[in-house]
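As a basis for the values below, the full set of heavy atoms in this structure was taken, side chains included, without hydrogen atoms, waters or symmetry mates. A note on names: the letters A, B, ... follow the listed sequences, proteins ahead of strands, and every chain is numbered from 1.
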2 protein chains.
Amino acid sequence: MRVNQLAKNLNITGDTVRFYTRIGLLTPIKSEVNGYKDYSETDQSRMQFILSARNLGFSVDDIKVIFSRTDHGESACQIVRQMIVLKLQETEKQFQEMVKLRSKLTQAVTEWSTKPDQAPTGNMICHLIEGSANLSGANGGEHHE
Amino acid sequence: MRVNQLAKNLNITGDTVRFYTRIGLLTPIKSEVNGYKDYSETDQSRMQFILSARNLGFSVDDIKVIFSRTDHGESACQIVRQMIVLKLQETEKQFQEMVKLRSKLTQAVTEWSTKPDQAPTGNMICHLIEGSANLSGANGGEHHE
DNA sequence: TCTTGACCTGTGTCTAACACACAGGCTTAT
DNA sequence: ATAAGCCTGTGTGTTAGACACAGGTCAAGA
């Protein structure tokens, strides 16, 4: 089957299929006659797997690692179990970041509601933003590293 | 002052300063003698503003818009107020996504704990991931558009 | 048979916000 | 003068695809 057929089967765009082909996760056979790539059922299964993995937040590199094992017939379950624990930790971290950001934004909106507009000066661009440098949850005195 | 001095003052890397210079948000004067860029106090103020804005989740493009007004002496407060409301909405959306992802991951870990490892077959790469296609909160039957 | 138009394909380039690599210039001690 | 060691600007890499585009292919009509 050809790229757009596979895409339609899985309800994704042809560009997505082409992308995973380009980086080598799908290996269709290139037709000698017209140069079109011919995708097998196996390719479709792999693409479906990729979608499931991406849906769980796995990166393309993660998926490469998984395939590098399964393509040799080895089970990837063990690494996958490790990976998902890490993913969960990362997600938790990002989640906390979101919470902080959200509270910063909410607080800024609240505080700004009582402040007037103001023209910029030489060293002050927008006093609203500049005045929000030390909101609760902000990493005010933190070192960027 | 030179790039690394400014960077040190604000506790960021020289690369960050160079980045904002490259895209035109900072406009140091290029020394005729050695080609080094000379940053003013104003540049440092602008850089500090950029950091505050980024800390609130504003994008570089947002910041460009803000500067395009303040560089003409106009107040940016009004746009900034609009922008932050949008930001808050976006953040809320992303927050919900994180919640969904987190619950998917948690549920996957729980479900997988009772399942054995398994070798890949022709159309099954890792039954753990493939079996998680329809977790609660997952966009199972959703159309990717 | 030829042509027209619609559809399809592969490839090159773009995205955000920096981080990293690297060749060369500058400074200071010897 | 020279060697070592910072310092600088610029080119490129990063995610996961999206978009643009020139050219190929195919069925219908003349």
Side-chain angles (χ1 to χ4, degrees), chain A residues 1-39 43 46-47 49-67 87 90-91 94 97 101 144-145, chain B residues 1-39 43 46-47 49-67 83 87 90-91 94 97 101 139 144-145:
Chain A
M1 98 193 75
R2 294 182 302 185
V3 58
N4 272 340
Q5 183 57 51
L6 197 164
K8 200 170 296 179
N9 291 352
L10 300 182
N11 206 25
I12 56 183
T13 78
D15 279 328
T16 301
V17 179
R18 288 197 194 93
F19 170 68
Y20 288 103
T21 304
R22 207 168 343 190
I23 65 176
L25 290 190
L26 302 179
T27 52
I29 293 161
K30 201 165 182 176
S31 160
E32 297 289 342
V33 49
N34 56 11
Y36 289 4
K37 286 161 182 164
D38 186 48
Y39 292 86
D43 286 320
R46 287 171 78 92
M47 188 66 232
F49 172 83
I50 292 169
L51 292 177
S52 297
R54 297 277 310 123
N55 186 36
L56 282 176
F58 287 104
S59 73
V60 171
D61 278 347
D62 290 338
I63 296 169
K64 279 183 185 169
V65 170
I66 295 171
F67 278 159
K87 255 294 153 220
E90 283 175 43
T91 303
Q94 292 174 31
E97 292 292 320
L101 178 60
H144 303 248
E145 302 169 14
Chain B
M1 99 192 76
R2 294 184 300 188
V3 57
N4 272 340
Q5 182 57 52
L6 197 163
K8 202 171 294 179
N9 290 352
L10 299 183
N11 205 25
I12 56 182
T13 79
D15 279 328
T16 301
V17 179
R18 288 197 195 94
F19 170 69
Y20 288 104
T21 304
R22 214 179 322 203
I23 65 176
L25 291 190
L26 302 179
T27 52
I29 293 162
K30 202 165 182 175
S31 160
E32 296 291 342
V33 49
N34 57 10
Y36 290 4
K37 288 161 182 165
D38 185 47
Y39 292 87
D43 286 319
R46 288 171 77 92
M47 188 65 231
F49 173 82
I50 292 169
L51 292 178
S52 298
R54 296 276 310 124
N55 186 36
L56 282 176
F58 286 104
S59 72
V60 170
D61 278 345
D62 291 338
I63 296 168
K64 280 184 184 168
V65 171
I66 295 171
F67 279 160
M83 281 177 170
K87 255 295 152 220
E90 282 176 43
T91 303
Q94 293 174 31
E97 293 291 321
L101 178 59
N139 33 0
H144 304 249
E145 298 170 15

K.L.:
Once rounded to the nearest 0.5 Å, what's the spacing between atom CZ of A:F58 and atom CD1 of A:I66?
P.N.:
5.5 Å
K.L.:
Under 3.5 Å, side chain of B:D38 to main-chain N/O of B:K30, donor-acceptor pair present?
P.N.:
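Not confirmed, B:D38 side chain does not pair with B:K30 backbone.
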K.L.:
With the side chain of B:V3 defined as its heavy atoms from C-beta on, choose the nearest nucleotide among C:dA16, D:dT8, D:dG17.
P.N.:
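Nearest nucleotide to the side chain: D:dT8.
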K.L.:
For the pair made of CD1 in A:I12 and C1' in D:dG17, what is the distance, rounded to whole Å?
P.N.:
11 Å
K.L.:
Would you tabulate the pairs of protein nitrogen or oxygen atoms and nucleotide nitrogen or oxygen atoms of nucleotides 1-5 of chain D closer than 3.5 angstrom?
P.N.:
none

K.L.:
Calculate, to the nearest 0.5 Å, the distance between atoms CG and CG belonging to B:L10 and B:L51 respectively.
P.N.:
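Going from CG on B:L10 over to CG on B:L51, the span is 6.0 Å.
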K.L.:
Rounded off to whole Å, could you give me the CD1-to-C1' distance for the B:I23 and C:dA17 pair?
P.N.:
8 Å
K.L.:
If you find the nucleotide of DNA chain D closest to B:N4 and the one closest to A:D61, which residue's nucleotide is nearer the 5' end?
P.N.:
B:N4
K.L.:
Kindly compute the distance separating CG (B:L101) from CG (A:L56), expressed to the nearest 0.5 Å.
P.N.:
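Answer rounded to 0.5 Å: 7.5 Å.
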K.L.:
Rounded to the Å, how far apart are A:L51 CG and D:dA16 P?
P.N.:
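It is 13 Å, rounded to the nearest whole Å.
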K.L.:
OP1, OP2 of D:dG17 versus side-chain N and O of A:T13: anything below 4.0 Å?
P.N.:
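Indeed not, no polar side-chain atom of A:T13 lies that close.
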K.L.:
Can you check whether A:L6's main-chain N or O pairs, donor with acceptor, with A:N9's side chain at less than 3.5 Å?
P.N.:
no
K.L.:
How many Å lie between CD1 on B:I29 and P on D:dG9, as a whole number?
P.N.:
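Spelled out: CD1 on B:I29 to P on D:dG9 is 13 Å.
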K.L.:
Each nucleotide N or O in nucleotides 21-26 of chain D that has a protein N or O under 3.5 Å away: list the pair and distance.
P.N.:
{"residue": "D:dT25", "atom": "O4'", "partner": "A:Y36", "partner atom": "OH", "Å": "3.3"}

K.L.:
Shorter than 3.5 Å, N or O on both sides, protein versus nucleotides 10-12 of chain D: list them out with atom names.
P.N.:
{"residue": "D:dT10", "atom": "OP2", "partner": "B:K37", "partner atom": "NZ", "Å": "3.2"}
{"residue": "D:dG11", "atom": "N7", "partner": "B:R22", "partner atom": "NH1", "Å": "2.9"}
{"residue": "D:dG11", "atom": "O6", "partner": "B:R22", "partner atom": "NH2", "Å": "2.9"}

K.L.:
Between C:dA19 atom P and B:Y20 atom OH, what is the distance in whole Å?
P.N.:
9 Å
K.L.:
Roughly how far apart are B:M47 CE and B:I12 CD1, rounded to 0.5 Å?
P.N.:
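With rounding to 0.5 Å, CE (B:M47) is 4.0 Å from CD1 (B:I12).
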K.L.:
Based on the rotation axes of five pairs at each end, what angle does the helix from C:dT1-D:dA30 to C:dT30-D:dA1 bend through, to 10°?
P.N.:
50°
K.L.:
Between C:dA17 atom P and B:L25 atom CG, what is the distance in whole Å?
P.N.:
11 Å
K.L.:
Atom CZ of A:F58 to atom P of D:dG17: distance rounded to whole Å?
P.N.:
15 Å
K.L.:
Would one find a side-chain N or O of A:T16 under 4.0 angstrom from OP1 or OP2 of D:dA18?
P.N.:
yes
K.L.:
Using whole Å, report how far CD of B:Q5 lies from P of C:dC26.
P.N.:
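So the two atoms are 20 Å apart, to the nearest Å.
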K.L.:
Would you please name every residue forming a side-chain contact (heavy atoms from CB on, under 4.5 Å) with B:I23, sequence neighbours left out?
P.N.:
B:F19, B:Y20, B:L25, B:V60, B:K64
K.L.:
If the condition is salt bridge (charged side-chain N to carboxylate O under 4.0 Å, His left out), which residues does B:K87 pass it with, not counting sequence neighbours?
P.N.:
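For B:K87 the salt bridge (charged side-chain N to carboxylate O under 4.0 Å, His left out) partners, ignoring immediate neighbours, are B:E90.
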K.L.:
With sequence neighbours excluded, what pairs up with A:D15 under the salt bridge (charged side-chain N to carboxylate O under 4.0 Å, His left out) test?
P.N.:
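A:D15 satisfies salt bridge (charged side-chain N to carboxylate O under 4.0 Å, His left out) with A:R18 once adjacent residues are dropped.
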K.L.:
Taking only residues two or more places apart in sequence, or in another chain, which ones meet B:R2 in a salt bridge (charged side-chain N to carboxylate O under 4.0 Å, His left out)?
P.N.:
none
K.L.:
Holding to side-chain contact (heavy atoms from CB on, under 4.5 Å), I want the full list of residues that pass it with A:S52, two or more places apart in sequence or in another chain.
P.N.:
A:Q48, B:I129, B:A133
K.L.:
Can you name the side chain to side chain donor-acceptor pair (under 3.5 Å) partners of B:N34, sequence neighbours left out?
P.N.:
B:S31
K.L.:
For B:T27, enumerate each residue passing the side-chain contact (heavy atoms from CB on, under 4.5 Å) test, keeping only those at least two apart in sequence or located in another chain.
P.N.:
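For B:T27, the residues satisfying side-chain contact (heavy atoms from CB on, under 4.5 Å) (neighbours in sequence not counted) are B:D43.
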K.L.:
Under the side-chain contact (heavy atoms from CB on, under 4.5 Å) test, which residues partner A:K8, sequence neighbours left out?
P.N.:
none
